[in-house]
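Heads up, the thing below is written out as C-alpha cells.
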Amino acid sequence: MKKLFLFAVVAAGLTFVSCTDKKTTEPETPEVEAAAEEIDVQAAVDESIAALSDNIEKKDATAFEAAITAVKEKVAEFLSKNPEVAKEYLAKVQEFLKDKKDAIAAVVGSNAAVASLVDGLANLPTESVEKMLDAKELLKNVGLDAAASAVGLAEGAKDAVEDAKDAVEGKVEDVKDAAADAVDKAKDAADNAKEAAGEAVEKAKDAAAGAVDKAASDAAAAAKKKLGL
C-alpha cells in the first residue's frame, strides 16, 4: 500500500511539473514572429549560396556567372524595396564570397567581367544603408543604381513629413472649428438668456400693472360702498 501511495504521489508531481512547463513555454509569439521575418532574408541567402557553391564544386564558369548575376539582381530588388534587407542579404553573401575567394578565382579564370562583379559585390560597404548608398561608384561598377533607392527613401521621408504636416494642420483646423462652434453656441445661449430675461421682465411688469389696476379697482369699489354709491 505504501509503495502504491508513493507511486501515486510521484506521478501527480510529474503531471504538475509537465503542466507548469507547458504554461511557461507557450507565450513566445513575438520571438517566433521576429524569427519568421529573418527567415525570409536567410532563405534568399541560403538559395544564393547553394547555387554559388554548387557551381564552384562543378567548376562550371557559365553557371557560376548566372548565379552571381542572380545575386546582383537580388541586391537590386532588395534595394528598390527595402535597403535594410539588401544590406543584411549582401553582408551574409559577402562572407561566403570572401571565404571562397580562391576557389571562385579558379572557376572564373580569365573572365574579367565576372571577376569584377564578384569583387565589387564582395567589397560593397554593408555597415549601414547610408554607407551602401553613398558608395555610388562601387554600385555603378557592379551595375546597381543606388540613386533610385536614395530617391525612394527621400520621397518616402518627404511623404511622411507632408502627411504629418497635413495631420497637424487638420488637427489645428478641427480645434479652430470646435472653438468657433463653442463661441457661437455661447453667443446663442447668451442671446437666448437675454431674450428670456426680457420676456420675464415684461411679464413681471404686466403682472405688477395688473396687480396695481386690481388694487385700485378694489379700493374704488370699497370707497363707493362706504359712501353708499
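A quick note: this is a predicted structure, and the numbers were derived from the prediction, not measured.
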Are any of the side-chain heavy atoms of [X] and [Y] separated by less than 4.5 Å?
X	Y	result
Gln94	Leu124	yes
Phe96	Ser48	no
Pro125	Leu138	yes
Val114	Ile104	no
Val118	Phe64	yes
Lys100	Leu52	no

Exercise for the section: State whether the number of non-hydrogen atoms from other residues, nucleotides or ligands found under 6.0 Å of Lys72 atom NZ is greater than 12. Expected result: yes
Exercise for the section: Return yes when atom CD of Glu77 has more than 12 non-hydrogen atoms of other residues, nucleotides or ligands closer than 6.0 Å, and no otherwise. Expected result: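 More than 12 heavy atoms, drawn from other residues, nucleotides or ligands, come within 6.0 Å of this atom.
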Exercise for the section: Please report the shortest heavy-atom distance between Ala91 and Thr126, naming the atom on each side. Expected result: CB-OG1, 3.7 Å
Practice task
Could you pull out the closest heavy-atom pair between Ala115 and Val108, with the gap in Å?
Solution key: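 So the minimum-distance heavy-atom pair works out to N-CG1, 3.7 Å.
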Completion exercise
Only residue of Val142, Leu139, Leu90 satisfying side-chain contact (heavy atoms from CB on, under 4.5 Å) with Val75 is Leu90
Exercise for the section: For the residue pair Asp46 and Gln42, confirm or rule out a side-chain donor-acceptor distance under 3.5 Å. Expected result: yes
Problem - Cationic N near anionic O, under 4.0 Å, Glu84 to Lys87 - result: yes
